[in-house]
Novice: 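One structure is given below, represented as structure tokens, and several questions about it will come after.
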Number of protein chains: 2
Amino acid sequence: MKQQRNTRQRQLVLAAVRARCDHPSADQIYLDVRAIDERISRGTVYRNLNILVQQGEVLQVKLPHMDRFECQSDKHYHLLCQGCGAVCDVHLPYYAELDEQAAKKTGYTIERHRAVFEGLCPNCRNKKI
Amino acid sequence: MKQQRNTRQRQLVLAAVRARCDHPSADQIYLDVRAIDERISRGTVYRNLNILVQQGEVLQVKLPHMDRFECQSDKHYHLLCQGCGAVCDVHLPYYAELDEQAAKKTGYTIERHRAVFEGLCPNCRNKKI
DNA sequence: ATGGGTGCAAAGTGTTTGCAAGTAT
DNA sequence: ATACTTGCAAACACTTTGCACCCAT
């Protein structure tokens with residue numbers, strides 16, 4: 001990986017990801033940073049998010065419609081509310097055995113798995129009934 | 001759901017999904033169908049894929065960059081080769097307990113979870129070493 | 001000083017949609 | 001006859017990129 005600088009813009013992007021507890025989209029982060037520095041551009045935010053993901057500072061969660069971001073931590077699962085689109089972490093242990101089993105079944109080298117639970121949050125459940 | 005017709009185009013799309021054992025993208029399906037009917041349009045293929053997913057005939061697999069499709073079957077997991085982008089099914093049992101545990105932890109109503117394993121297929125592993 | 005980074009706007013990529021004409025029921 | 005579908009092209013949503021200037025090291 002090539003030598004990288006620590007620009008004010010990159011710091012702002014990382015701070016914005018850390019300041020949020022939900023799982024913001026790239027554009028939400030852009031808007032947050034934009035509230036602090038009104039001259040930063042979308043391109044810069046997207047570029048820096050990609051760099052931070054590559055560096056392992058930020059985790060990218062692939063979801064329908066668009067990706068979301070959060071600060072890097074242990075492997076864990078995500079939960080998507082199909083009513084309102086909210087995303088939250090699921091604090092279950094990471095089932096490393098699944099990786100071994102999948103490796104045995106398929107012959108692939110498995111690095112990890114990602115799981116997304118789908119359901120309804122209490123709020124949306126009540127609305128639907 | 002409104003009354004739906006069984007057009008030639010819809011049949012072609014469904015047949016194209018069934019004819020493939022890998023997990024084609026919408027555009028791959030478009031190209032396959034296009035090889036048979038050179039007048040079908042992208043919009044029609046995308047529209048029909050969405051309808052077939054809604055009907056439960058076809059399963060949509062959400063992956064980085066773009067979605068992939070396969071014919072509907074039991075809940076199962078997917079494996080993505082990070083080298084060549086190939087996708088395949090993982091024939092492990094579906095861990096329904098995970099859904100219960102996640103429901104207990106979060107208070108959400110959980111319908112299901114989707115898991116994607118990430119790794120390297122034998123071919124790509126050999127190339128990398 | 002040097003080469004990575006920025007802002008901007010244009011271009012990409014994958015998907016959806018408005019519309020007039022066509023067709024399954 | 002009705003109203004769902006089609007082909008087409010334009011529009012969309014999200015992201016990447018070319019370029020000239022800028023600035024962290």
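Note: hydrogens, waters and symmetry copies are ignored here, and every other heavy atom, side chains too, is used. By convention in this document, chain letters (A, B, ...) are assigned in the order of the sequence lines, proteins followed by strands, and residues within each chain are numbered from 1. Note that the structure is a prediction, hence the values are computed from the model and not measured.
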Novice: Taking A/Asp37 first and then A/Arg39, would you say they form a salt bridge - that is, a charged N and a carboxylate O separated by under 4.0 Å?
Specialist: no

Novice: Are A/Glu97 and A/Lys104 within salt-bridge range, i.e. N to O under 4.0 Å?
Specialist: no

Novice: Rounded to the nearest Å, what distance is computed from the CG atom of residue A/Leu52 to the C1' atom of nucleotide C/dG5?
Specialist: 13 Å

Novice: Separation of A/Arg34 atom CZ from C/dC8 atom P, in whole Å?
Specialist: 7 Å

Novice: Looking only at non-hydrogen atoms, find the nearest pair between B/Tyr30 and B/Ser41 and report the distance.
Specialist: CE1-C, 3.7 Å

Novice: Rounded to whole Å, please give me the gap between CG in A/Asp67 and C1' in D/dT15.
Specialist: 10 Å

Novice: Taking all non-hydrogen atoms of both residues, which atom of B/Arg68 and which atom of B/His23 are closest, and how far apart?
Specialist: NH1-O, 2.7 Å

Novice: What is the distance, to the nearest angstrom, from the CZ atom on A/Arg8 to the C1' atom on D/dC23?
Specialist: 11 Å

Novice: Start at the 5' end of DNA chain C and walk down; is the nucleotide closest to A/Arg10 or to A/Arg42 reached first?
Specialist: A/Arg10

Novice: Select one nucleotide: of C/dG7, D/dA24, C/dT15, the one nearest the side-chain heavy atoms of A/Arg5.
Specialist: D/dA24

Novice: Output yes when at least one side-chain N/O atom of B/Ser41 is less than 4.0 Å from OP1 or OP2 of D/dA9, else no.
Specialist: no

Novice: Can you check whether B/Thr44 has a side-chain N or O nearer than 4.0 Å to OP1 or OP2 of D/dT5?
Specialist: no

Novice: Which comes earlier along DNA chain C counting from the 5' end, the contact point of B/Met66 or that of A/Gln9, where each point is its nearest nucleotide?
Specialist: A/Gln9

Novice: What are the two closest non-hydrogen atoms of A/Gln4 and A/Arg10, and how far apart are they?
Specialist: CB-NH1, 3.9 Å

Novice: Describe the nucleic acid contact of A/Asn6 in one word from base, sugar-phosphate, nothing, applying a heavy-atom distance below 4.0 Å.
Specialist: sugar-phosphate

Novice: Of the listed nucleotides (C/dA24, D/dT15, C/dG14), which one gets closest to any side-chain atom of A/Ala26?
Specialist: D/dT15

Novice: For the pair made of CZ in B/Arg47 and C1' in D/dA3, what is the distance, rounded to whole Å?
Specialist: 15 Å

Novice: Taking atom P of D/dT6 as reference, at what distance in whole Å does atom CG of B/Asp37 sit?
Specialist: 11 Å

Novice: So for the helix from C/dA1-D/dT25 to C/dT25-D/dA1, with five pairs setting each end axis, what is the inter-axis angle to 10°?
Specialist: 40°

Novice: It should be established whether A/Tyr46 places a side-chain nitrogen or oxygen under 4.0 Å from OP1 or OP2 of nucleotide D/dT15.
Specialist: yes

Novice: Round to the nearest Å and state the distance from A/Asn48 atom CG to C/dG4 atom C1'.
Specialist: 11 Å

Novice: How would you label the contact of B/Asn50 with the nucleic acid (heavy atoms, under 4.0 Å): base, sugar-phosphate, or nothing?
Specialist: sugar-phosphate

Novice: Do you know which two heavy atoms are closest between A/Ala102 and B/Leu92, and how far apart they sit?
Specialist: N-CD1, 3.9 Å

Novice: For A/Ile40 and D/dC22, give me the distance from atom CD1 to atom P, rounded to whole Å.
Specialist: 18 Å

Novice: Show the nearest heavy-atom pair for residues A/Leu98 and B/Phe117, with the distance to one decimal.
Specialist: O-CE2, 3.5 Å

